[in-house]
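Heads up, the thing below is written out as structure tokens.
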Amino acid sequence: MEKNNNCPICNIQLSKNISVSGPEVVYTKKMEFGKSSISFCKSCGLGVNLSFKPFDFAKLNYSNIDLNFIADDDDDLIFLQLKAYFKKFLPLIRGNSSLPICLEIGSGKRLSLLKKISDELDIITYGIDPIYQNFDAFDENYSKLKLITDISKLGKNIKPGIFIARNCLEYLSPQSISSMISNVLHENSIIFFEIQSFNERKWGNIFYFREYQYFYTKLAIEKLLLNTGFQVEWLSSFSNYGDERQTYSAYISKAINRVNFIYHEDINHLVNYLKTMKGNKNIYLWGAGGRGLNFIYNEGYGLVDKIIDSSESRQDIALIDYPPVMAPDLSIQDSIIVLLNSRFLSYIPPLIKRNNSISLIS
């Protein structure tokens with residue numbers, strides 16, 4: 001938990017505190033129940049467990065794990081999707097190896113997916129989990145599956161191009177996920193991640209595991225990826241256990257140049273920021289549609305220097321008090337590009353991001 005009570009991704013104050021009930025330790029036969037206080041970021045949706053108490057996974061006694069709780073129901077679905085993406089992205093994700101490497105964090109005793117990947121795709125797979133310190137050795141059927149207890153023990157020359165994280169991101173801080181993504185993954189990777197969702201309208205404040213420290217959203221993960229210099233192409237998603245948990249897949253690739261993304265919780269926050277930057281940097285608004293025009297003639301009046309649009313039908317349109325709408329110009333540098341809709345990010349050529357900052361409203 002951040003001491004200043006700010007979202008560790010968006011750096012704005014957390015809000016909307018709720019109380020939920022749940023057991024303390026996952027997958028164990030004996031559970032101790034209690035309540036947790038959770039606050040959320042209204043920009044990216046990240047939830048932070050204010051009641052979390054740190055513990056050391058390596059010292060936990062997992063001898064009482066109930067194997068009936070460990071399901072592999074989604075293995076086939078993930079594998080079928082991965083098999084299709086593997087064929088499509090293979091030239092990009094293989095790196096310096098003849099074949100890419102697959103890594104699953106928090107794999108625990110649920111190893112059927114990694115075995116299926118290693119057997120049918122004929123690639124080396126790694127499983128990472130602290131419980132492997134006392135784990136029985138594998139038989140010969142697992143010759144291509146390697147187990148290690150910590151990601152720091154993964155060789156520096158090993159850059160996985162396939163990354164899987166199921167039932168584990170809730171234990172990891174945004175900073176540790178960013179570090180792992182930046183320092184471990186190949187610059188072109190296929191990722192699958194599973195997250196715990198919150199839906200108060202549907203469920204109310206019910207049953208969550210109290211050992212979870214963070215509750216991620218798709219948007220929170222996307223912001224982490226963007227902040228670590230990756231472009232994101234979302235591929236698919238499916239729900240687990242009803243829709244209590246959601247699994248997403250994406251193809252991610254390193255941006256040509258690192259971009260400074262600045263996230264704003266609402267229009268007022270954006271306007272105040274632009275007022276402080278006006279005159280210091282050129283300010284471009286991306287998108288000359290209705291939302292963009294409403295902004296430049298209302299809250300953002302006089303703050304934007306030029307308007308960009310990737311649609312040829314909108315380029316060169318004359319606007320009162322503003323220059324004509326311009327086409328994307330790859331020479332733009334050291335400027336601020338404003339996106340009122342984060343989906344426009346996919347329309348911006350990577351080269352235009354060089355030495356610019358991008359202000360987004362989620």
Side-chain angles (χ1 to χ4, degrees), residues 9-10 43-46 81-82 84-96 100-103 159-165 169 174-195 216-237 246-264 284-287 308-311 327-362:
I9 298 176
C10 304
S43 178
C44 72
L46 178 74
Q81 293 179 3
L82 174 58
Y85 304 147
F86 181 81
K87 183 177 180 181
K88 177 180 178 180
F89 295 108
L90 178 58
L92 298 172
I93 66 176
R94 71 170 66 198
N96 295 325
I101 294 168
C102 176
L103 168 68
K159 295 292 182 182
I162 301 170
F163 176 73
I164 302 168
L169 292 185
Q175 294 89 342
S176 63
I177 294 176
S178 293
S179 175
M180 179 170 53
I181 290 170
S182 297
N183 300 323
V184 176
L185 293 192
H186 184 256
E187 61 183 10
N188 299 289
S189 297
I190 299 169
I191 64 171
F192 286 84
F193 64 91
E194 176 188 294
I195 56 177
Y216 290 92
T217 63
K218 177 186 175 185
L219 179 57
I221 297 295
E222 181 174 13
K223 287 186 174 183
L224 279 177
L225 291 167
L226 292 173
N227 287 340
T228 48
F230 280 94
Q231 304 283 1
V232 184
E233 177 185 344
W234 295 107
L235 300 173
S236 62
S237 67
Q246 196 80 11
T247 297
Y248 295 94
S249 63
Y251 168 68
I252 61 174
S253 57
K254 269 292 187 185
I256 296 176
N257 297 283
R258 185 173 175 83
V259 187
N260 180 25
F261 291 95
I262 302 173
Y263 300 97
H264 303 277
Y284 295 84
L285 173 70
W286 193 285
I308 307 172
D309 203 296
S310 53
S311 172
D329 186 345
L330 300 185
S331 67
I332 295 174
Q333 294 188 33
D334 300 314
S335 300
I336 297 171
I337 299 174
V338 178
L339 297 186
L340 298 178
N341 188 333
S342 60
R343 286 180 296 179
F344 288 161
L345 192 59
S346 60
Y347 293 99
I348 301 179
L351 287 174
I352 207 172
K353 299 175 183 178
R354 181 173 48 205
N355 299 323
N356 295 308
S357 64
I358 296 182
S359 288
L360 303 97
I361 293 183
S362 302

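All heavy atoms count here, side chains included; hydrogens, waters and symmetry mates do not.
By the 4.5 Å heavy-atom criterion applied to side chains, Pro174 and Leu46 are counted as neighbours. When side chains are defined from C-beta on, Val184 counts as touching Pro160, because their heavy atoms get closer than 4.5 Å. Here the side chains of Pro100 and Leu90 are in contact, with some heavy-atom distance below 4.5 Å. Residues Cys44 and Tyr263 have side chains not in contact (no heavy-atom distance under 4.5 Å, counting atoms from C-beta outward). At a threshold of 4.5 Å between non-hydrogen side-chain atoms, the residues Ile195 and Tyr248 count as touching. Residues Ile191 and Leu185 form a side-chain contact, since some pair of their non-hydrogen atoms from C-beta on lies under 4.5 Å apart. Counting only heavy atoms from C-beta outward, the side chains of Asp329 and Ile308 never approach each other to under 4.5 Å.
Distance check: Ser253 OG to His186 NE2 gives 11.0 Å after rounding to the nearest 0.5 Å. Between the CD atom in Gln175 and the CD1 atom in Ile9 there is a gap of 8.5 Å [rounded to 0.5 Å]. Remark: Ile221 CD1 to Ile252 CD1 distance equals 10.5 Å, nearest 0.5 Å. Taken to the nearest 0.5 Å, the OG atom of Ser249 stands 5.0 Å off from the CD atom of Gln81. Atom CG of residue Leu225 and atom NZ of residue Lys254 lie 10.0 Å apart, to the nearest 0.5 angstrom. The distance from the CH2 atom of Trp286 to the CG atom of Asp309 is 8.0 Å, given to the nearest 0.5 Å.
Using a distance-only test at 3.5 Å, with no hydrogens or angles considered, no donor-acceptor pair links the side chain of Thr228 to the main chain of Ser178. Between the side chain of Lys223 and the backbone N or O of Lys218, no donor-acceptor pair lies under 3.5 Å.
Taking all atoms of both residues into account, the shortest heavy-atom contact from Leu169 to Phe193 is CD1-CB, 3.8 Å. Across Leu224 and Tyr216, no two heavy atoms sit closer than the pair CD1-CE2, 4.1 Å. Taking both residues in full, the closest heavy atoms of Glu233 and Lys88 are given as OE2-NZ, 4.1 Å, listed atom of the first, atom of the second, then distance. In this structure, Phe230 and Glu187 approach most closely via the heavy-atom pair CE2-O, 3.6 Å. Closest heavy-atom contact between Ala250 and Leu235: C-CD1, 3.7 Å. Contact detail for Ser43 and Leu219: the closest heavy-atom pair is O-CD2, 3.3 Å.
Below 30°, between 30° and 60°, or above 60°: for Tyr251 and Phe89 the angle between ring planes is below 30°, a parallel geometry.
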Residues 332-341 side chain polar contacts: donor-acceptor under 3.5 Å, at least two apart:
{"residue": "Ser335", "atom": "OG", "partner": "Gln333", "partner atom": "O", "Å": "2.9"}
{"residue": "Asn341", "atom": "OD1", "partner": "Arg343", "partner atom": "N", "Å": "3.0"}
{"residue": "Asn341", "atom": "OD1", "partner": "Arg343", "partner atom": "NE", "Å": "3.4"}

